[in-house]
Amino acid sequence: MAKRAGFATRIGAIAASVGSAVGLGNIWRFPYEAGENGGGAFILVYVLFVLVLGIPVMLSEFIIGRSTHKSMMGALRELMPGSRVHWFTLVCIAGSVITLSFYSVVCGWVCEYLYLSLTGQLTGHSVQEYGGIFSTFVASPWRCLGWTWLFLAVNFVVMLGGVQRGIERMSRVLMPLLFLLLIVFMVNSLTMPGSAQGLKFIFTPDFGKLTFEGVLDALGQAFMSLSLGVACMVTYASYFQDNSSLIKDAGVVAMLDTLVAIMAGIVIFPAVFSFGLAPEAGPKLVFEVLPSIFQQMSGGAVWCVLFFLLLLFASLTSTISLSEISIAFAIEERGASRNRATLWCAVVVVAIATLCALSFNVLDQVKILGRDIFTLLNDASANVFMPLGGLFTATLVGWFLDRRVVRGQLEQGDTLSRRLSPCVVWCLRYVAPAAIVLIFLHYTGVL
Ligand code: PHE
């Protein structure tokens, strides 16, 4: 089989992985999860999970992808010949499709806010009115659907044209810009009256406020934010060059991703307390708070447009990586053409995303396991599919893969990697599987 084209540079490989990792997970989901789960203690547990579970699980995906230069199913077939483990890929695909479906609804919200800010409708309101703007918007089925469909259309046209790499290249300029913007907003939030209370909320852990469900949420959030458990990083690593240090690359991706999430927290919470809003507002939190923040900045209207535009771009690089999983599967395993594969993926995702968008209005009475459809899929992807995928790759690489392959991959690059490699293997064999299983068992009431 011809060797696949790789990322030309190490930076290219890291940038694509960061592009996948940084998105709504950091800027929308992290603040509201932290807000719902009491702030500081949640964030501390989250960072701990990134270090002891996130980075090792990311490495397990990197090892599977780079040692075979194939995406998940082909890679598993090559690494574990004669077994049936490659079928686990289907679970990853289900996870990625579900994630893409609810995620694109939130991308639709960002589109609406970009539109509102471009047309000047997002300025000149009170904090309470911004809450009303969000509620009125999500209550309107056609508006929600329209933006979700439009976003998905752009996403799948990008996939169809095979121009993902072009988008990823552009993101190398736009992502740092988003980062800079967050720094400006952070400085602004820190100078707000009452900002100390917000900082106290995120940096002073109060474990009395963290429930066990909050611990599972932190686990799910770590996996969601780092794009783990759905074989996404396997696919990206299949394009990595053979001689770079995987440990360093995973460390850089995890660090940047966590930094962006914490920065988003520092932007949001001082403002939440300064405006007297509730930190536990849930998914609408940042959509209510951000416009109020821009409102009191000089040149706020311009900041607002710029921010939602960049956020949309960051989200697009995440949805591209999510779409790639099932499209690559259909092409490589089912022999579909790129067009057919993209079309099928689009049909399924649009159908599920439609249900998600309608769960705020027409279908708001439909409850499954006590949750509306959007919340169900949001919870299922982060708290079930992703940790399950992580459990699978960690166990596979920790226990079943040829030790020489694992060591060879982990020790490539530099002496630091050689030193850290046993530590990573230990996390993959014991810490990650034990932690995920224990949290699952506790959550389901077995323990
Ligand atoms: N990590 C992305 C985010 O935080 C979401 C994502 C999950 C992307 C899984 C790819 C795979 O926005």
Side-chain angles (χ1 to χ4, degrees), residues 14-34 46 49-50 54-55 57-58 61-62 65 71-72 89 91-110 151 155 159 164 167-168 171 175 178-179 182 217-237 250 253-265 283 286 310-329 345 349 353 377-390 393:
I14 294 182
S17 313
V18 172
S20 167
V22 173
L24 290 169
N26 313 58
I27 288 165
W28 160 73
R29 205 173 187 280
F30 176 81
Y32 93 72
E33 285 285 348
Y46 171 82
F49 282 161
V50 168
I55 294 179
V57 168
M58 186 181 289
E61 293 201 17
F62 279 180
S71 52
M72 186 77 151
T89 309
V91 178
C92 297
I93 290 177
S96 69
V97 166
I98 288 177
T99 310
L100 183 55
S101 305
F102 86 82
Y103 198 95
S104 51
V105 172
V106 187
C107 295
W109 299 353
V110 179
F151 178 83
N155 177 68
M159 299 307 293
Q164 309 88 294
I167 301 281
E168 278 162 13
S171 82
M175 286 294 222
L178 178 65
F179 197 78
L182 283 175
D217 283 343
L219 175 78
Q221 177 60 27
F223 279 80
M224 167 69 76
S225 192
L226 296 171
S227 303
L228 300 178
V230 288
C232 180
M233 290 300 180
V234 174
T235 313
Y236 274 21
V253 175
M255 195 193 70
L256 287 175
D257 186 71
T258 308
L259 196 63
V260 172
I262 305 267
M263 284 165 80
V286 296
L310 293 175
L311 181 57
L312 201 59
F313 211 84
S315 315
L316 186 62
T317 52
S318 298
T319 56
I320 285 174
S321 70
L322 277 163
S323 318
E324 182 69 25
I325 303 160
S326 37
I327 294 177
F329 168 79
C345 180
V349 171
L377 298 192
N378 186 353
D379 285 355
S381 74
N383 293 1
V384 181
F385 279 95
M386 291 179 179
L388 210 60
T393 55

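In this chain, residues are counted from 1 in sequence order. When a ligand or atom number is given, it counts from 1 through the structure's own listing order.
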Establish, from distance only, whether the side-chain atoms of N155 and S104 form a donor-acceptor pair under 3.5 Å.
no
Under 4.0 Å from one or more heavy atoms of G25, ligand 1 contributes atoms 3 (C), 4 (O), 12 (O)
heavy-atom search around atom 11 (C) of ligand 1 in the protein gives L322 CD2, 3.4 Å
Quiz item: Hey, does S321 come in under 3.5 Å of ligand 1, counting only N/O atoms on both sides?
Solution: no
Ligand 1 atoms nearer than 4.0 angstrom to some heavy atom of L24 are 12 (O)
Nearest heavy atom to atom 8 (C) of ligand 1, choosing from S323, C92, A314, S227, belongs to S227
The answer for which part of V230 has a heavy atom under 4.0 Å from ligand 1 is side chain
Here the atoms of ligand 1 under 4.0 Å from any heavy atom belonging to S225 are 1 (N), 4 (O)
Step by step, would you call T319 with C107 a side chain to side chain contact (heavy atoms under 4.5 Å, CB included)? CA-CA 9 Å; T319 56; C107 295; 4.2 Å; yes
Counting only N and O atoms by type, is there a donor-acceptor contact under 3.5 Å from the side chain of S381 to the main-chain atoms of G95? no
- [ ] Compute whether any side-chain donor of one residue and acceptor of the other, for S20 and S227, lie under 3.5 angstrom apart.
- [x] yes
| task | Verify the ring-centre separation between F49 and F223: is it less than 6.0 angstrom? | result | no
protein heavy-atom neighbour closest to atom 4 (O) of ligand 1 works out as A21 O, 2.9 Å
Ranking S20, A382, C232 by closest non-hydrogen atom to atom 2 (C) of ligand 1, top hit is S20
With heavy atoms and a 4.0 Å threshold, my read on which part of M386 contacts ligand 1 is side chain
Ranked by distance from atom 12 (O) of ligand 1, the top protein heavy atom is Y103 OH, 2.4 Å
task = Compute the shortest N/O to N/O distance between L228 and ligand 1 and return yes if it is under 3.5 Å, no if not.
result = no
Within 4.0 Å of some non-hydrogen atom of N26, the atoms of ligand 1 are 4 (O)
Please verify the inter-ring angle class for F102 with W28; under 30° counts as parallel, over 60° as perpendicular, anything in between as tilted.
tilted
Q.
Tell me if a side-chain donor or acceptor on N383 pairs with a main-chain N or O of A380 at a distance below 3.5 Å.
A. no
### Message
With heavy-atom distances below 4.5 Å as the criterion, would you say the side chains of V260 and I27 are in contact?
### Response
yes
task: Kindly say whether M72 contributes a backbone atom to a donor-acceptor pair with the side chain of E61 at under 3.5 angstrom?
output: no
shortest atom 1 (N) of ligand 1-to-protein heavy-atom contact is with M224 O, 2.8 Å
